[in-house]
Structure formats: C-alpha cells, structure tokens
Amino acid sequence: MKQTAIVEAGFVCQEETNLTVMKTSLFFAGDGFTAYDCKGELVFRVDSYGPDSRDKGEVVLMDASGRCLLTVRRKRPSLHQRWEGFLGERTDGQKPIFSVKRSSIIGRSNVTVELYEHPGEEYLIEGSFCNRCCTILYSSKESVAEIKRKVDSSTHMVLGKDVFSLCIKPGFDAAFVMGLVLVLDQINGDYVDDHGNEMDSNIDG
C-alpha cells in the first residue's frame, strides 16, 4: 500500500512492525497504555486517564519522550458513539483530522474511521477488541493492522488481555493505529459492569 502519514511521517512503518501494548492499570477500562517495539524500547505511552482524570472524554497519545502526538476526544452530543482525533495536544477551535464512529444495525455493530483531509477514504475495524482480536481494514478491505492476543515466546502461553500484540503493515502510520486503540478501549469501557467486568462489546463488521 502507499505510504500513509496521518499523524506523523516518522511513525510510518517501513516494514511489518509488531508492538507489544500493555495496560498500565487494570482497575478501570482506559487507565493508560505503554507500547514497546521488538527490542523492548518504549515507543508510545498514555498516562493514566481513569475516573479521576481532568476530562474522561479526552485522551492524549505521547511518544517515548512525552511529546503529545495525538488527542482523541469523544464528541458530544452524538447519535452514535463518535470520537475525533486532533494533531498534538488539542486546543479550542482546532479542527479534527479524523473521526471514529460505532454504529449498530440489526444486532450487528462495527466501527468506521473517516479521514477529514481525504474525503471518501475510510477504514473499517472488525472483530472484538474486548477479546483482543480485531483487524483494521482499508476501504478496499486490505488489512493494515491487527490486534491479537500476546503469546509468551518462551512458554508459548497466551498472556492476559492486559498485554496484547499490535501488528502494523508496511507504509502505515503506527501513531494513528495507537490512536484507534485508545478509542476502541474507551468504547469497550462503556461496556463494563459495576464490578469492573467486561461485557460483550463485539464490533463484528
């Protein structure tokens, strides 16, 4: 596929890239993430944005040094669950670069991503983020990234859902993909019961 820099050109993968993503707190859906490359070096991080955060509807993705790359914010009011992405740390009046919408039709649901600077260019997310098993597809149904359960290389055991693999295809923007992960986690957080247990939130396309 063509080189696609949506957030930042420096994060466009030159080859297939596998990141290990870890939730930094297990008490609430959406408490934070860290993402490491195959060498164990930190690539992305999201500080805690749990129930005591300043704005629970806004999440900031940072690089390893703490530089703000992307802000994802829940749009209110909205008929469907809709999130918007802003470059850097969002400021009042700033225009978003993409939107993410969750919709349900006859018991089936999916997540669509629209790029504002490229009208007609969309991505579809199929599968279940709750089960850490979903695929991000280009409008042509070409897979650009996958979220999968993490398998320990030494024991061959499947790890818990707080650790998962993010596989990104060559030419795609890893920072943009991480932004979508944050939105999926927030959507999934809307399907947590009073005891903190995840309810079914499949996004089957």
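- When every heavy atom of Thr135 is checked against every heavy atom of Ser143, the shortest pair comes out as CG2-OG, 3.5 Å.
- The shortest distance between side-chain heavy atoms of Arg102 and Val183 does not fall below 4.5 Å.
- With respect to the salt-bridge test (charged N to carboxylate O, under 4.0 angstrom), the residues Glu58 and Arg90 qualify.
- Connectivity analysis of hydrophobic side chains (ILVMFWY, heavy atoms under 4.5 Å, direct or indirect) links Tyr36 to Met22, Leu42, Leu159, Val163.
- Considering all non-hydrogen atoms of both residues, Leu19 and Val43 come closest at CD2-CG2, 4.1 Å.
- The line from CD of Glu146 to OG of Ser165 is 10.5 Å long, rounded to the nearest 0.5 Å.
- In this structure the side chain of Val111 reaches within 4.5 angstrom of the side chain of Leu184, judged on heavy atoms.
- Closest approach of Lys161 and Cys130 over heavy atoms only: CD-O, 3.3 Å.
- For an aromatic pair to be called close, the ring centres must be under 6.0 Å apart, and Phe11 with Phe172 fails this.
- In the hydrophobic clustering of ILVMFWY residues, with side-chain heavy atoms under 4.5 Å counting as a link, Val177 and Leu137 come out apart.
- Taking a cutoff of 4.0 Å between a charged side-chain nitrogen and a carboxylate oxygen, Glu16 and Lys169 qualify as a salt bridge.
- Looking at Val60 and Met62, their side chains come closer than 4.5 Å, going by heavy atoms from C-beta outward.
- Between Leu180 and Ile136 the shortest heavy-atom distance is CD1-CD1, 3.9 Å.
- To the nearest 0.5 Å, atom SG of residue Cys13 and atom CG of residue Asp173 are 8.0 Å apart.
- The two residues Leu70 and Gly179 have their closest heavy-atom pair at CD2-CA, 3.7 Å.
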Test log, rule side chain to side chain contact (heavy atoms under 4.5 Å, CB included), inputs Gln94 and Thr71 | CA-CA 11 Å; Gln94 182 179 352; Thr71 301; over 6 Å; no
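- In terms of heavy-atom proximity, Arg149 sits nearest to Asn131 at CD-O, 3.5 Å.
- You'll find the side chain of Glu122 stays beyond 4.5 Å of the side chain of Val113, heavy atoms only.
- Between Arg45 and Asp63 there is no salt bridge, since no side-chain nitrogen of the basic residue lies less than 4.0 Å from a carboxylate oxygen of the acidic one.
- The SG atom of Cys68 sits 9.0 Å away from the CG atom of Leu61 when rounded to the nearest 0.5 Å.
- Rounding to the nearest 0.5 angstrom, the gap separating the CZ atom in Phe98 from the CD atom in Glu121 is 13.0 Å.
- At a threshold of 4.5 Å between non-hydrogen side-chain atoms, the residues Thr34 and Val21 do not count as touching.
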Between Glu8 and Phe176, is a side chain to side chain contact (heavy atoms under 4.5 Å, CB included) present by the stated rule, with each step listed?
-> CA-CA 8 Å; Glu8 189 169 305; Phe176 175 57; over 6 Å; no
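- In this structure, NZ in Lys101 is found 12.0 Å from CD1 in Ile187, a value given to the nearest 0.5 Å.
- For the pair Phe86/Ile97, no side-chain contact is recorded, criterion being any heavy-atom separation below 4.5 Å from C-beta on.
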Yes or no on salt bridge (Lys or Arg N to Asp or Glu O under 4.0 Å) for Glu126 and Lys141, after CA distance, side-chain angles and deciding distance?
-> CA-CA 10 Å; Glu126 297 181 340; Lys141 288 292 186 177; 2.9 Å; yes
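- One finds the OG atom of Ser140 at 11.5 Å from the CG atom of Leu124 (value rounded to the nearest 0.5 Å).
- Counting side-chain heavy-atom gaps under 4.5 Å among Ile, Leu, Val, Met, Phe, Trp and Tyr, Tyr116 is found in no cluster with other residues.
- Residues Phe44 and Phe33 place their aromatic rings such that the two centres sit no closer than 6.0 Å.
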Give the intermediate values and the outcome of side chain to side chain contact (heavy atoms under 4.5 Å, CB included) for residues Leu182 and Trp83.
-> CA-CA 10 Å; Leu182 300 185; Trp83 292 73; over 6 Å; no
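- Residues Ile168 and Val7 share a single hydrophobic cluster, defined by chaining ILVMFWY side chains whose heavy atoms lie under 4.5 Å apart.
- Salt-bridge check for Glu117 with Lys95: failed, with every basic side-chain N at 4.0 Å or more from each acidic carboxylate O.
- Judged purely by atom type and a 3.5 angstrom limit, Glu84 has no side-chain atom pairing as donor or acceptor with the backbone of Arg82.
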For Thr112 and Val100, run side chain to side chain contact (heavy atoms under 4.5 Å, CB included): C-alpha distance rounded to whole Å, both residues' side-chain angles, the deciding distance at 0.1 Å, then the answer.
-> CA-CA 6 Å; Thr112 54; Val100 183; over 6 Å; no
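- Cluster annotation: Val46 is connected to Phe164 through the hydrophobic network of ILVMFWY side chains, with a link wherever side-chain heavy atoms come within less than 4.5 Å.
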